[in-house]
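To find a chain, count down the sequence lines: A is the first, B the second, and so on, and within it residues start at 1.
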2 protein chains.
Amino acid sequence: MRTYGQYCAMARGLDVIGDRWTLLIIRELLLRGPSRYAKLQRGLPGIATNLLADRLRELEANGIVTRNDGVVTLTARGHELEPVMRAIGRWGAPLLAQVTPDAAFQSHWLALPLQELLGDHAPTRPPQALEVRTGEEPLTVHVGHGKVRINPGRPDRPDAIIGGPVRLVLPVLAGRTRLARARVSFEGDRAVLRRLQPKAFA
Amino acid sequence: MRTYGQYCAMARGLDVIGDRWTLLIIRELLLRGPSRYAKLQRGLPGIATNLLADRLRELEANGIVTRNDGVVTLTARGHELEPVMRAIGRWGAPLLAQVTPDAAFQSHWLALPLQELLGDHAPTRPPQALEVRTGEEPLTVHVGHGKVRINPGRPDRPDAIIGGPVRLVLPVLAGRTRLARARVSFEGDRAVLRRLQPKAFA
DNA sequence: CAGCATCCGCTTTGATACTG
DNA sequence: CAGTATCAAAGCGGATGCTG
C-alpha cells in the first residue's frame, strides 16, 4: 500500500482504496455479499490471481474485510464504502453509452445502476417481481411498498421476464427506449415494467 | 489509461479516474479552481512532473479538464466528480485520527471536510468570517444565511481567528475537543465559533 | 479442487536532470 | 514557467506450480 503522504481525508482514503482492483473487489462484496475466493475471481475477469490474494490481505489488514474459512465478508467499515461506489457508478454510468464489443459483462453489475434508474411508481399495489435475463446469470427486481430491491438469481414466480443483450435491455430499463421499439424479449405482465419505469411506454 | 474491460458503470468510471494521482488532481481543481501547472504541482507534493503532465493530457482527452494558455479548468463533467470526492473524503476522514508526523499538509485540503463539520447554527444573524491559520496559507470560513462557504486566503476583516497545528485545530472545529481545553490560539468573537460548531463549547 | 505463491516480461511510476 | 527526457524501481498481468 503505497501512500500519498498527505494529511488530507481524500488522500488518506485513496491510500487505502485507491490501488488498482481494490474498489472492484469491494463492488463484488457489496453486490454479492460474503464470497469465497473463486467467486470473487469470477466476478473480476482480468484480475491476476496473486493480485487478488494481495488485495484481500491488504483489505483485511485495513479492517475492510474479514475472512473465516475462506469466506470473505465486508466489515461495517467496508460497507461504508457503498456511497463511494454509488457516486462512482453514477458518474461512470454515461460511459456505458460507449460501445466496446469485447468488454466483459455480468448481470449483477447492473444492481446498483438499476436501483437508481427504477422506482416503485405504484407503491399501493402488491409486491411484484421482474426477472431480467441478460448476461450469464438472471437478475431479479423486486418491487413493492415503494421500494426496489435487486438480487442475483431467478424469482420463484416472476410476474414478467425481460431478456436480451445488455445494450438493448438497459436503455429500456433506463427509460431511454420504449419497450415496443426495443428488440428485446418480454413475457408476462407489462404493468410490472410500467410500474418500475413508466418511460418505457411513454 | 489501462482499462478493466468491463461493461460496468463503476469499472468504466474507474477506467477514467482510477489511475494514481488522477483524483488528487481533481481535488486541487475542485478546491482551488482554475490553476496553472505550477500551482497544481505545489498542491500535489510528491507527484512527478512527467506524471502530472501525463495525467493532464489524459484528463483533457477524457473531457474532464480544458487548458487555455497554461490554465487548467474543470469542465462541467469534471465538476460532476465533486460527489465522488466528497464520498471519498467522508469515508477517509476517520483516517486523519492516525498520526503521521512526516505527512504533508496544506490548509485548503480542509475545505471539503470543514464544510461537512461546520454549519450555520444562527442563520438569522448577519454574516461573519472566521480565519483559520493552520498550515502555510490561511483559510477563511464565511458563515451566514444558513450556509457555510470556505475559501483560500484571509478575509478582509475577520470576526475571529483560530490558529495552531492541524491536529489541534481540527478536533475543535470537529466538535470533539472544547476550545477551552485545546491548546490552540483564539482571538476575537467566540460567538462565531459557537455559531459554526456549538460543541466546541458544550 | 480451492487458494494461493512464484516467476517472468511488460507497463507504470518516481526521481532527477534538462530545455524552449 | 511548463513541461520533456532518461532511467531505475515498483506494480501489474499471465502462466504455471505447489499445497491442503
Checklist line | Protein proximity profile, nucleotides 14-20 of chain C - base contact B, sugar-phosphate-only contact S, no contact -, cut-off 4.0 Å on heavy atoms | finding: BBBB---
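- Defined by atom type and a distance below 3.5 Å, a donor-acceptor pair is missing between the side-chain atoms of Arg42(B) and Gln106(B).
- Using a 4.5 Å cut-off on side-chain heavy atoms (C-beta onward), Ile25(B) and Glu58(B) make no contact.
- Regarding Leu44(A), its CG atom lies at a distance of 15 Å from the C1' atom of dG3(C), rounded to whole Å.
- Within the 4.5 Å cutoff, the side chain of Leu59(A) has heavy atoms near those of the Ile26(A) side chain.
- The distance from atom CG of Asp54(B) to atom P of dT6(D) is 15 Å, rounded to the nearest whole Å.
- Axis angle, first five pairs versus last five pairs of the helix from dC1(C)-dG20(D) to dG20(C)-dC1(D): 30°, rounded to 10°.
- No side-chain donor from either of Asn151(A) and Thr140(A) sits under 3.5 Å from a side-chain acceptor of the other.
- Rounded to whole Å, atom C1' of dC4(C) lies 16 Å from atom CG of Asp69(A).
- Counting only heavy atoms from C-beta outward, the side chains of Leu110(A) and Phe105(A) approach each other to under 4.5 Å.
- Nearest approach of Arg86(A) to Glu116(A), heavy atoms of both residues: NH1-OE2, 3.5 Å.
- In this structure, Arg42(A) places its CZ atom 13 Å from P of dC1(C), rounding to the nearest Å.
- One finds no salt bridge joining Glu28(A) and Lys39(A) here, because no Lys/Arg side-chain nitrogen approaches an Asp/Glu carboxylate oxygen to under 4.0 Å.
- Atom CG in Leu40(A) sits about 12 Å away from atom C1' in dG3(C), given to the nearest Å.
- At whole-Å resolution of the value, OH in Tyr4(A) and P in dA10(D) are 18 Å apart.
- Inter-residue side-chain proximity for Leu24(A) and Arg27(A) is flagged as met; some heavy-atom pair is nearer than 4.5 Å.
- Atom CG in Leu52(A) sits roughly 13 Å away from atom C1' in dG13(D) (whole-Å rounding).
- Each of dC12(D), dT4(D), dT13(C) was ranked by its minimum atom distance to the side chain of Arg55(A); first place goes to dC12(D).
- One finds a salt bridge joining Glu80(B) and Arg77(B) here, because a Lys/Arg side-chain nitrogen approaches an Asp/Glu carboxylate oxygen to under 4.0 Å.
- Protein atom CG of Leu59(A) is 16 Å distant from nucleotide atom C1' of dC4(C), rounded to whole Å.
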